[in-house]
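Keep in mind that this is a model prediction, so the values were computed, not measured. Below, read A as the first sequence line, B as the second, and so on, with proteins coming before strands; counting in each chain starts at 1.
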There are 2 protein chains.
Amino acid sequence: MARAATTSDAFNAVAEPRRREILTYLAGNERQVGEIVIAIGLDQPSVSKHLGVLRNVGLVHVRRNGRHRLYRTNAEAIRPVHEWTQTFERYWRHQLIRVKERAEAEMKRNPPTE
Amino acid sequence: MARAATTSDAFNAVAEPRRREILTYLAGNERQVGEIVIAIGLDQPSVSKHLGVLRNVGLVHVRRNGRHRLYRTNAEAIRPVHEWTQTFERYWRHQLIRVKERAEAEMKRNPPTE
DNA sequence: ACAATACATTCCTATATAGGAATATGTCAA
DNA sequence: TTGACATATTCCTATATAGGAATGTATTGT
């Protein structure tokens, strides 16, 4: 079996760095495609294709306005990713505490000269 | 250009559902490969390959113990993903508030017949 | 030394990209 | 109507999978 489609869920869609850039750029403000092209520095067809993927998984909203299309990030669709990572927070907290404790123990055993 | 390698960063590695399962299973507790195989329900070579990807991006720690290898999730490596999604939290909060307000306005305009 | 156990790696194949180039579609302005 | 503008789609190719099957590599117990 091959890799899952980029359009299969938010996890796969946001694996692409340029798509993450686009989502960040479109967070909170509507922009038309031409603006995204300039901001991201990819050519127009590539941007349109990335937007197509993001549309497919519901990561962006589109609104037509004359010959323009106004895109905006649908933050709600990023939540599942946030929530999955959230479950690990307590573990990296523990890890940081352990690292700190080890550093402090080392300090006592072998104080910095001077 | 093709899609970025699964080993290029945590975002790509975590796009695979089975790898997310493995990371969840290995969060906080060391397990040997055989246990993972049983827990996840994939065959051993597949699990080993997923573990290889996770190792490559530093998402798991390994420790050898005789003929066993003990794996554990390195939660710290998931943080970048958490932090990227975190930046969108204020936006989905806004969205939820707007949805709620709209619902309440609708209630006033057109109260539920009871 | 040898068999068994625990993992990892290699080989195979169908599949889905990402970007570049070219082209299609849709909308406005004169 | 026609041309210009904005965006989407199609065609192309190199590339990297994920899983299945088979095989390789350590390590331990006897």
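Remark: C1' of C/dC7 and CG of B/Asp43 are 13 Å apart, rounded to the nearest angstrom. What separates NE2 of A/His50 from C1' of C/dG20 is a distance of 12 Å, to the nearest Å. The CZ atom of B/Arg63 sits 16 Å away from the C1' atom of C/dC7 (whole-angstrom rounding). Here the C1' atom of nucleotide D/dT13 and the CZ atom of B/Arg3 are 17 Å apart, to the nearest Å.
Checking each of A/Leu70, A/Thr73, A/Asn74, A/Leu26 against A/His61 for a side-chain contact (heavy atoms from CB on, under 4.5 Å) leaves exactly one that passes, namely A/Asn74. When the options A/Thr7, A/Asn12, A/Thr6 are evaluated for a side-chain hydrogen bond (donor to acceptor under 3.5 Å, both in side chains) with A/Asp9, the one that passes is A/Asn12.
The shortest side-chain heavy-atom distance between A/Arg19 and A/Val53 falls under the 4.5 Å cut-off. You'll find the side chain of A/Tyr25 reaches within 4.5 Å of the side chain of A/Arg31, heavy atoms only. Counting heavy atoms from C-beta outward, A/Ile78 and B/Trp84 have side chains that approach closer than 4.5 Å.
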Legend entry - side-chain contact (heavy atoms from CB on, under 4.5 Å) between B/Arg63 and B/Arg69, intermediate numbers included: CA-CA 6 Å; B/Arg63 188 167 66 88; B/Arg69 300 201 184 187; over 6 Å; no
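Side chain of A/Met1, nearest nucleotide from D/dA16, D/dG19, C/dA18: D/dG19.
Listed by residue number, there are no residues of residues 8-26 of chain B with a heavy-atom contact under 4.0 Å to DNA chain C.
A donor-acceptor pair under 3.5 Å links the side-chain atoms of B/Glu16 to the main chain of B/Arg18, judged by distance alone.
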Inset, instruction - For each nucleotide in nucleotides 4-12 of chain D, reading 5' to 3', give B when a protein heavy atom comes within less than 4.0 Å of its base, S when such contact involves only the sugar-phosphate, and - otherwise. - result: BBSBBBB--
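Hydrophobic cluster membership differs between B/Leu54 and B/Ile38, with clusters built from Ile, Leu, Val, Met, Phe, Trp and Tyr side chains linked at under 4.5 angstrom.
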